[in-house]
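For the single chain, residues carry numbers from 1 onward in sequence order. Each ligand, and each atom within it, is numbered from 1 in the order the structure gives.
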Amino acid sequence: MSHSNEIIDQSSSHDTEKVIEDSPDERYARLNTLLGKGAYKIVYKAIDRVEGYEVAWNTMTSSHSPDSKEMQQEISILKSVRHPNIIAFHDAWHMKNEFVFVTELMTSGTLREYIRKLSLPNIKIVKRWSRQILKGLAYLHDYSPSIIHRDIKCDNIFINGAHGEVKIGDMGTAEMKMGKKYTIIGTPEFMAPEMYEEEGYSEKVDIYAFGMCLLEMATGEYPYGECKNAAQIYKKVSSGVKPVCLQKVQNNEVLALIANCLGPEEDRMTAQEILEHSFLAVEPDVVLLAADPTNVHLTLQVVFKGMDKLSVKFDFNVETDTAEQVVKEMIEEQVLPDRYQHHITKEINRILRDIEKPSESEQAEQVRQSVWRRESDIRSELDKIRLELEATTKHARELETKCEMYENRARSVEVQYREALKQLREVQEQHTNTTTRSRESSLSTPAPSRSSSVSSRIGSDLKVDVFPESDKEEKLKDDKTNDKKDEDPVKDDEKTTNGKNPPTYLSEKELAIRLDREHPEAAMSSISPTARDALMSRILEEYSDDTDISDFVQDCATAAHRSAEKAKEWADKLKDQDIMTVGDLRDLHDEDWTGIGLTVFAFRALKNMLKGKRLCASEVFNRSSILRSSSTVSSSLSNDICTRSSTSRTSPPAAVTQYGTLSLM
Ligand SMILES: Nc1ncnc2c1ncn2[C@@H]1O[C@H](COP(=O)(O)OP(=O)(O)OP(=O)(O)O)[C@@H](O)[C@H]1O
């Protein structure tokens, strides 16, 4: 080389770099920077003046004639080769006895240097490098016409360390496959047996060489390092003896792959088949390219990372398609390789799930909102309950106050009631004393009986008045025309009085009538102690709705001075109309009464007794200075607390209740 004295190492300072010579067309300027030397080539750094790139300037002694047609054809094919895993061939020319060609510059040395640096690359790196080498080989072998590299080895595979790129270099020694070639070119350790036999070989020699590269990558050892020369290597290769370092391969998949590559030519897989081998195959990605707003119509794409040619785009309708059915169809149409059926189906289903599922940020937002909503709901619920509680508490306090007031009134009324009873007894005692004195006086003075006249007067005054004044006329008429047996009680009394001794005491019922007209104190003093007690007892009683109608009618008949038979007759007529209780009677309308079949006297007596009780009681007590307050309490409480007592005839629960339901017949 004429420029050897100017050459500097590539690691030297860039300041010393300078252009030594130019290409014939002056596009490429060779620098004095030496990149490396091989058995055949010396490689310098150069600059592409058009593109501004740094390139590799390769020089080798040429045996070809500069005008060789075959050479020009080869150069034109090499220039047309463009693949990311093959060092680009830019230009070539012949100068004197040198053949010069410009290629892509690789900055990080060869694969072999890398293996030595890393001592033993991990399996992931081996896979990555292998894929790139095979992709380059698959490209060359599929090229038309097919290109056989013929010198694949780790020294001819270059690395661009910054990006982890791996590229096949030294294409200058490759020849286009025009049928079988018989030239022995290559490195003994990497040469397939058929290359030694001079019977022709195919692109499978590159697969054999790749097998040796894989062996070197997997073990870090140079194949047939145990051999001292090419002859020993040839002997072993031709006799089928494999490199010793093959035993060091630990990964079974790698071992099987190497074995296939180093096996018989016809059994070796193609570069593409090895790429699709389970050891190197990269499962395709399925990506969602687009979706309509409703997420029903999707556009999906299957991307085969290891196989650039395959990228399948297809539409998917979420409502009508299933992943299984769509993938099956694409396999049947040979759009997808069937070995990925399960994986692609799984990936599509994953995308479908992800579509339905909101994103993490959306989920977080939903959770945040639901927490906020829950808090807000609970807060408003608490506010509502608090208000209700306040209202209830207020109402409870009001009721409490009211109860206290009623209790106080009840106590006061009870006191007044006892006072009234006491006064009644005193009045009666006075009356008894007066009567006794009168009798004594009449016994001692035989004169016209004063007591008789008094009694007679009292007797004539004490007419039982079960009818209101307005009804008297009608009653009398009714008595005469309809029921001769129903006689006026007053007449009965008078008859009795006229026939025998005049009565001294009023009956309980008579007293009730009289109480309605006269001063209660005077009226009460007119009855016997027994009758008084009975009356008081009745006063405290009430006909409840469930009182048997017979009892009620019996009392009414007694009050009206009618016989027990008459009472039975009335009761039977009522029962004939299914009136069994006082409640039934209360439910009757005015027109119903006439249908019962009672005499006018009877139903008016019953009606008045039924309706007049409270009125009578009320009037009596209103006129009674002693009991007035009781009546007031009665009317004020009758609507709430005391209403419960109306169903109980015999045992009112409290004094207040008793007063609230007091009634007279
Ligand atoms: N494209 C390139 N970029 C950077 N350096 C290169 C490039 N090509 C070759 N070299 C360097 O030049 C050296 C020699 O190249 P190469 O090994 O291809 O020569 P060769 O004579 O073909 O050797 P052999 O035939 O023994 O492989 C390489 O070791 C490498 O360091």
Side-chain angles (χ1 to χ4, degrees), residues 1 3-4 7-12 14 17 20 23 28-48 51 53-64 74-75 78-79 81-92 97-117 132-133 136 140 148-175 183-191 195 205-206 209-210 212-213 216 222-225 229-230 233:
M1 298 285 166
H3 311 292
S4 59
I7 293 168
I8 59 167
D9 187 78
Q10 62 171 327
S11 59
S12 301
H14 284 237
E17 280 188 339
I20 301 296
S23 63
Y28 302 99
R30 182 176 75 85
L31 302 174
N32 58 341
T33 310
L34 178 67
L35 296 174
K37 277 185 187 177
Y40 304 95
K41 294 193 313 248
I42 301 174
V43 184
Y44 299 95
K45 188 194 283 185
I47 295 172
D48 179 350
E51 299 292 339
Y53 296 151
E54 289 185 332
V55 291
W57 180 296
N58 300 261
T59 62
M60 62 188 295
T61 305
S62 172
S63 57
H64 292 81
E74 196 165 320
I75 288 169
L78 283 171
K79 282 166 83 172
V81 169
R82 283 288 180 269
H83 188 272
N85 298 115
I86 293 176
I87 288 180
F89 188 97
H90 296 309
D91 205 357
N97 62 341
E98 273 185 347
F99 179 66
V100 180
F101 57 96
V102 176
T103 63
E104 186 180 351
L105 175 71
M106 296 299 284
T107 55
S108 306
T110 67
L111 190 57
R112 187 161 192 216
E113 291 162 3
Y114 242 78
I115 292 169
R116 299 294 174 270
K117 275 185 215 165
Q132 296 187 59
I133 298 165
L140 290 175
I148 304 172
H149 188 283
R150 296 194 299 173
D151 197 16
I152 293 293
K153 58 181 180 181
C154 292
D155 294 287
N156 283 338
I157 295 167
F158 294 83
I159 288 184
N160 195 338
H163 302 100
E165 291 171 328
V166 172
K167 301 196 181 205
I168 299 170
D170 208 7
M171 288 293 292
T173 55
E175 285 184 337
T183 318
I184 299 176
I185 299 174
T187 307
E189 291 86 345
F190 291 80
M191 284 167 59
M195 286 184 83
V205 297
D206 286 343
F210 166 75
M212 288 300 179
C213 288
E216 192 176 343
Y222 202 68
Y224 291 115
N229 51 50
I233 297 168

Option whose closest heavy atom lies nearest to atom 2 (C) of ligand 1, chosen from Gly169, Ala56, Gly109: Ala56
Under 4.0 Å between a Lys/Arg side-chain N and an Asp/Glu carboxylate O for Asp170 and Lys41? yes
Are the side chain of Asp48 and the backbone N or O of Tyr28 linked by a donor-acceptor pair below 3.5 Å? no
Here the atoms of ligand 1 under 4.0 Å from any heavy atom belonging to Asn156 are 18 (O), 27 (O)
Examine distances only and state if a side-chain atom of Asn58 and a backbone atom of Phe101 form a donor-acceptor pair shorter than 3.5 Å. yes
Report the member of Met106, Lys167, Arg112 with the shortest heavy-atom distance to atom 3 (N) of ligand 1. Met106
Any chance the side chains of Asn160 and Ser108 put a donor and an acceptor closer than 3.5 Å? no
Between Thr59 and Glu98, a side-chain donor and acceptor under 3.5 Å: no
Using a strict 4.0 Å cut-off to heavy atoms of Thr103, name the atoms of ligand 1 that fall inside it. 1 (N)
Please determine if Ile87 has a nitrogen or oxygen closer than 3.5 Å to a nitrogen or oxygen of ligand 1. no
Taking only non-hydrogen atoms of Met60, do any sit less than 4.0 angstrom from ligand 1? no
Atoms in ligand 1 flagged as close to Asp170, the criterion being non-hydrogen separation under 4.0 Å: 18 (O), 22 (O), 27 (O)
Could you check whether any heavy atom of Asp155 sits closer than 4.0 Å to an atom of ligand 1, since that is the contact criterion I want to use? no
Do Lys41 and ligand 1 have an N or O pair less than 3.5 Å apart? yes
For His83 and Lys167, indicate whether the former's side chain and the latter's backbone hold a donor-acceptor pair under 3.5 Å. no
Touching ligand 1 at all, Glu104? Heavy atoms, strictly under 4.0 Å? yes
Got an N/O contact under 3.5 Å between Glu113 and ligand 1? no
Hey, which atoms in ligand 1 end up nearer than 4.0 Å to a heavy atom of Lys153? 24 (P), 26 (O), 27 (O)
Pairing of Glu104 and Arg82 as salt bridge, 4.0 angstrom limit: no
Between Gln132 (side chain) and Gly164 (backbone), is there a donor-acceptor pair under 3.5 Å? yes
